[in-house]
Amino acid sequence: MKYVFHVDGLMCEKCVARLTNVLTTEDGIVSATVSLADKTATVETDAQADIVKTIIEDAGFDARLAQ
């Protein structure tokens with residue numbers, strides 16, 4: 001599945017790099033692209049959306065699934 005999350009708290013490229021690293025090192029996540037300009041994270045994964053949301057929040061960001 002591919003999910004797009006709105007991510008609050010992305011302030012700089014270091015935040016983007018950190019979140020990208022956190023997401024791409026998780027088991028079950030195939031790919032992750034984080035955009036500072038759009039404040040989004042696009043994640044391709046076998047995991048449920050709630051699990052990905054928790055991973056993003058545990059990294060220190062607020063996340064909500066885009067409609």
Side-chain angles (χ1 to χ4, degrees):
M1 294 289 298
K2 186 179 268 189
Y3 300 108
V4 178
F5 292 88
H6 294 287
V7 181
D8 293 324
L10 289 173
M11 303 299 224
C12 63
E13 288 300 327
K14 285 186 179 183
C15 294
V16 170
R18 183 167 60 96
L19 183 55
T20 301
N21 184 57
V22 166
L23 288 168
T24 57
T25 57
E26 279 292 322
D27 289 336
I29 293 183
V30 177
S31 67
T33 304
V34 181
S35 170
L36 179 60
D38 296 334
K39 304 262 196 265
T40 60
T42 303
V43 181
E44 186 175 343
T45 181
D46 296 329
Q48 297 295 321
D50 289 345
I51 293 171
V52 178
K53 181 178 184 289
T54 299
I55 294 167
I56 295 170
E57 290 174 344
D58 286 350
F61 302 95
D62 292 322
R64 67 185 188 286
L65 191 59
Q67 296 298 327

Item to check | Candidate pair T33 and E44, rule side chain to side chain contact (heavy atoms under 4.5 Å, CB included), full reasoning | outcome: CA-CA 9 Å; T33 304; E44 186 175 343; over 6 Å; no

Next on the checklist: Before you tell me yes or no, could you show the steps for V7 and L19 under side chain to side chain contact (heavy atoms under 4.5 Å, CB included), namely the whole-Å CA-CA distance, both residues' side-chain angles and the distance that decides it to 0.1 Å?
Outcome noted: CA-CA 10 Å; V7 181; L19 183 55; 4.1 Å; yes

Next on the checklist: Apply side chain to side chain contact (heavy atoms under 4.5 Å, CB included) to residues F61 and K39 and explain how you reach the verdict.
Outcome noted: CA-CA 11 Å; F61 302 95; K39 304 262 196 265; over 6 Å; no

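A pairwise comparison of heavy atoms in L10 and S35 identifies CD1-O, 3.9 Å as the closest pair. Listed here is the closest heavy atom pair of V4 and L65: O-CD1, 3.5 Å. Across every non-hydrogen atom of A41 and I56, the tightest pair is CB-CD1, 4.4 Å. When all heavy atoms of A32 and L23 are compared, the pair lying nearest together is CB-CB, 3.7 Å. Shown here for G9 and C15, the closest heavy-atom pair between the two residues is O-SG, 4.1 Å.
For E57, the CD atom is densely surrounded, since the number of other residues' heavy atoms within 6.0 Å is greater than 12.
The distance from atom CZ of R18 to atom OG1 of T20, rounded to the nearest 0.5 Å, is 10.5 Å. Here the CG atom belonging to D62 is positioned 13.5 Å from the NE2 atom belonging to H6, to the nearest 0.5 angstrom. Rounding to the nearest 0.5 angstrom, the gap separating the NZ atom in K53 from the CD atom in Q48 is 14.5 Å.
Proximity of I55 to V43: side-chain heavy atoms (C-beta onward) are nowhere separated by under 4.5 Å.
Criterion: ILVMFWY side-chain heavy atoms under 4.5 Å apart, direct or through other members. Under it, I51 and M1 are part of a common hydrophobic cluster.
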